[in-house]
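Read the structure below first, then the notes.
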Amino acid sequence: MKKTFCLVFAGLFLMQAAACAQPIEPDLSAYGTAAPAEIPMEILGELDEETLADLVEEPKYVALTFDDGPRADTTSELLDGLLERGAAATFFVVGEQVPHNECLIRRMKSEGHQIGNHTYSHVRLKTADKDSVVEEIQKSEVLLREASGEGSFWLRPPYGAIDSQKAKLIKTPMIYWSVDPQDWKLLDSQKVVDAVLSTVQPGDIILLHDFYPTSVAAALEIIDRLREDGYAFVTVEELFRIQGVTPQPGVLYARPDRVRTLS
């Protein structure tokens, strides 16, 4: 009898182990925006007020944004790093970069990132004529829809520059930034990390470029470092929703709570 019991018990254990060995498809839908696991009340009741406040404090949300891509090697590496960390980002894509990189656009969407429009050829919208502004945006949107399906592709004007008259032509919200480490100029990952960490605040929109290997390395270290300080990384659209702000078409936002004045 004892031997039979042991055999049955061993069989059940092996069945459970086999079930655990099966690969589990990760749930990528929330990307760090899901509510934290609840802490049992019996534990909370034993903690001092300062420790309790640290445990139940809301995450400090920020949005990482990347311009000028996609680029096959650097954007792929960045997406790998974001997936590994469960972090979301927003990619403002140049239309000319989409052909031959459609797989990256599809991957951005499938892994929970936001895709935005950075015009077709990175033209200065402030100095372009109105017909050119419309054409640059529409050409890029067509390519993005073909690669990723229907969506609202918010606009980041190249160089963050657009005037009030051209802004009336824009049918989506426009996104500027509140933290600019000038990664394109520094081309030094540690200096970029230091520049961001020295200025970032909850609610910020951080400007980077997935075109440079140094920027990709910096972005992943920024995520690791800021998470230690309680930050969570969401898309720009999620950041607006979290802060209860409904963005308006043709308005240029530096953050959900800060609008850029246009001349």
Side-chain angles (χ1 to χ4, degrees), residues 30-36 54 57-69 78-79 81-82 85-93 108 112-118 153-162 172-212 214-248 251-262:
Y31 268 85
T33 62
D54 289 340
E57 183 182 4
E58 281 291 313
K60 295 178 273 191
Y61 294 103
V62 291
L64 279 175
T65 65
F66 298 92
D67 286 7
D68 297 355
L78 175 59
L79 288 171
L82 293 172
R85 291 161 175 78
T90 301
F91 292 84
F92 290 100
V93 173
M108 290 172 189
H113 305 296
Q114 182 179 354
I115 301 170
N117 191 339
H118 202 39
F153 303 102
W154 295 8
L155 177 70
R156 172 167 279 165
Y159 314 102
I162 191 169
T172 67
M174 298 186 295
I175 304 301
Y176 194 72
W177 53 81
S178 54
V179 176
D180 178 10
Q182 296 191 324
D183 58 321
W184 57 272
K185 183 177 181 181
L186 293 174
L187 297 178
D188 182 310
S189 60
Q190 194 55 57
K191 289 181 180 179
V192 172
V193 170
D194 293 342
V196 171
L197 296 185
S198 66
T199 59
V200 69
Q201 297 292 327
D204 272 335
I205 297 174
I206 303 169
L207 170 64
L208 293 167
H209 299 78
D210 53 321
F211 217 77
Y212 305 106
T214 50
S215 296
V216 171
L220 300 180
E221 184 174 346
I222 287 166
I223 294 171
D224 294 341
R225 296 279 297 278
L226 286 181
R227 275 191 165 164
E228 295 175 356
D229 195 29
Y231 279 84
F233 294 84
V234 296
T235 67
V236 171
E237 187 173 8
E238 289 169 334
L239 188 64
F240 275 80
R241 186 166 59 248
I242 288 166
Q243 296 201 3
V245 177
T246 302
Q248 300 302 309
V251 178
L252 184 61
Y253 295 90
R255 299 168 31 119
D257 58 359
R258 189 183 307 162
V259 172
R260 297 275 298 180
T261 302
L262 302 178

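Residue numbers start at 1 and run along the sequence shown. Note that the structure is a prediction, hence the values are computed from the model and not measured.
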*Working to the nearest 0.5 Å, report the span between CG of L64 and CD1 of I205.*
11.0 Å

_Residue pair D68 / F211: nearest heavy atoms and the distance that separates them_ = O-CD1, 3.5 Å

*Value rounded to 0.5 Å, distance of CZ in R258 from CH2 in W177*: 13.5 Å

*From F92 atom CZ to H209 atom NE2, the distance as rounded to the nearest 0.5 Å*: 11.5 Å

*Non-hydrogen atoms of F233 and A87 that approach each other most closely*: CB-CB, 4.0 Å

*Does the gap between the ring centers of W154 and Y253 come in under 6.0 Å?*
no

_Sub-4.5 Å side-chain heavy-atom contact between L186 and T214_ = no

*Is any side-chain heavy atom of Y231 closer than 4.5 Å to a side-chain heavy atom of V200?*
yes

*So, does Q182 use its side chain to make a donor-acceptor pair with the main chain of D180 at under 3.5 Å?*
no

*Mind listing the closest non-hydrogen atom pair of T199 and A195 along with its distance?*
OG1-O, 3.1 Å

*Would you check if the side chain of T235 reaches a backbone N or O of A89 as a donor-acceptor pair within less than 3.5 Å?*
no

*Is any side-chain heavy atom of L226 less than 4.5 Å from a side-chain heavy atom of L197?*
yes

*List the atom of G86, the atom of R227, and the distance in Å for their closest heavy-atom pair.*
O-NH2, 3.4 Å

*asked:* Pair V192, Y212 - check side-chain contact (heavy atoms from CB on, under 4.5 Å), show working.
replied: CA-CA 12 Å; V192 172; Y212 305 106; over 6 Å; no

*Would you list the pairs meeting salt bridge (charged side-chain N to carboxylate O under 4.0 Å, His left out) in which at least one residue belongs to residues 198-210, sequence neighbours left out?*
D204-R255

*Worked check of side-chain contact (heavy atoms from CB on, under 4.5 Å) between I162 and L262*: CA-CA 7 Å; I162 191 169; L262 302 178; 4.2 Å; yes

_If I take atom OH from residue Y61 and atom CD from residue Q243, how far apart are they, to the nearest 0.5 angstrom?_
10.5 Å

*So, for G203 and P256, which heavy atoms are closest and what is the spacing to 0.1 Å?*
O-CD, 3.7 Å

_Residue pair Q190 / D194, side-chain heavy-atom distance below 4.5 Å_ = yes

*asked:* Set out, in order, the CA-CA distance, both residues' side-chain angles and the distance that settles side-chain contact (heavy atoms from CB on, under 4.5 Å) for D67 and L207, then state yes or no.
replied: CA-CA 8 Å; D67 286 7; L207 170 64; 3.4 Å; yes

*asked:* For a quick test of reading the model, state the closest non-hydrogen atom pair linking I222 to L208 and the distance between them.
replied: CD1-CD1, 4.4 Å

*For R156, the option from I175, L252, V236, T90 that meets side chain to side chain contact (heavy atoms under 4.5 Å, CB included)*: I175

*Can you find a pair of side-chain heavy atoms, one from F91 and one from H118, that are under 4.5 Å apart?*
no

_Pairwise distance CD1(I206) to CD1(I223) - rounded to 0.5 angstrom_ = 9.0 Å

_Set of residues satisfying salt bridge (Lys or Arg N to Asp or Glu O under 4.0 Å) with respect to E221, sequence neighbours excluded_ = R225

*Just wondering, do F153 and V93 contact through their side chains at under 4.5 Å, heavy atoms?*
no

